Amino acid sequence: MSKQNYERIWATVNAIPIGKVSSYGQIADLAGLPGRARLVGKSLGQIPKGRKVNWHRVLRSNGQLAFDKASEQAQRQKGLLQEENVVVLNNRVNMKEFNWRPDLSELLHTLQF
DNA sequence: TCCTTGACATTTT
DNA sequence: TAAAATGCCAAGG
């Protein structure tokens, strides 16, 4: 049951277009789990090996990366984002510019609701 | 069933 | 603007 939620979360995360970012709360909502932002974080920490999820496009609601600036994960995330032309300054992203505005019809198509 | 934990969010200092 | 307090809910032990 929770596994299904994880799958849905991962699918939603993968629906984020290149060059855009989203937040945990936003992903939770889109995945049909309003108010379960923490579950999103948990699911991202439980990604099975061999499963490809672009977790680097998910950050906190204020645009900050969810890791310590010095952490390796943060560095990797920063690099991955910059490869997609997303500007990362002082461990945070300009949400006003890069926040993803999901296209509902496209989302429905991707998630097969 | 109770208690702790968490890659969070929102409100208040 | 930044840090702290409070709320939230699912998972695991």
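Residue numbers start from 1 in every chain, and the chains themselves are labelled A, B, ... in the order their sequence lines are given, proteins ahead of strands. From a predicted model like this one, the values you see are computed outputs, not experimental measurements.
Within residues 72-89 of chain A, no residue has a heavy atom under 4.0 Å from DNA chain B. Near DNA chain B, defined here as any heavy-atom distance below 4.0 Å, there are no residues from residues 93-103 of chain A. Only A/L44, A/G45, A/W55, listed by number, bring a heavy atom of residues 43-58 of chain A to less than 4.0 angstrom from any atom of DNA chain B.
Atom CD1 in A/I16 sits 6.0 Å away from atom CG in A/N54 (nearest 0.5 Å). Separation of atoms CE (A/M95) and CH2 (A/W100) is listed at 12.0 Å; rounding is to 0.5 Å. A distance of 9.5 Å separates CZ in A/R101 from CD in A/Q26, rounded to the nearest 0.5 Å.
Along DNA chain C, the nucleotide nearest to A/N90 and the one nearest to A/G35 differ in position, and the one closer to the 5' end is contacted by A/N90.
Applying the salt bridge (charged side-chain N to carboxylate O under 4.0 Å, His left out) test to A/E84 and every residue at least two apart in sequence or in another chain returns A/R57. Partners of A/R92 under the salt bridge (charged side-chain N to carboxylate O under 4.0 Å, His left out) rule, at least two apart in sequence or in another chain, do not exist in this structure.
One hydrophobic cluster holds both A/L33 and A/V58 under the rule that ILVMFWY side chains link at heavy-atom gaps under 4.5 Å. A/V86 and A/L80 end up in different hydrophobic clusters when Ile, Leu, Val, Met, Phe, Trp and Tyr side chains are linked at under 4.5 Å. Cluster annotation: A/F98 and A/I27 are assigned to distinct hydrophobic clusters (Ile/Leu/Val/Met/Phe/Trp/Tyr, side-chain heavy-atom contacts under 4.5 Å, transitive).
Nucleotide C/dC8 holds its P atom 17 Å from the CG atom of A/L33, rounded to whole Å. A/I9 places its CD1 atom 18 Å from the P atom of B/dG6, with the value rounded to the nearest Å. Rounded to an integer number of Å, the gap from A/W10 CH2 to B/dA7 P is 15 Å. If you measure from atom OH of A/Y6 to atom P of C/dA11, you get 6 Å, rounded to the nearest angstrom. Look at CG on A/N5: it is 12 Å from C1' on C/dC9, rounded to the nearest Å.
No hydrogens or angles considered: nothing links the side chains of A/N14 and A/T12 as a donor-acceptor pair under 3.5 Å.
Here the closest heavy-atom approach between residue A/A74 and residue A/L65 is recorded as O-CD1, 3.8 Å.
Between A/L39 and A/Y6, the closest side-chain pair of non-hydrogen atoms falls below 4.5 Å.
A/D68 contributes a side-chain N or O that, together with a main-chain N or O of A/A70, makes up a donor-acceptor pair within less than 3.5 Å.
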- Message: At under 4.0 Å between heavy atoms, how does the protein contact nucleotides 8-13 of chain B? Give one character per nucleotide, 5' to 3', with B, S or -.
- Response: BSS---
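The only member of A/N91, A/V88, A/L59 that meets side-chain contact (heavy atoms from CB on, under 4.5 Å) when paired with A/Q77 is A/L59.
Relative to the side chain of A/K42, the nucleotides C/dA10, B/dA7, C/dA2 differ in distance, and C/dA10 lies closest.
Rounded to whole Å, the separation between the P atoms of B/dA7 and C/dT6 comes to 22 Å.
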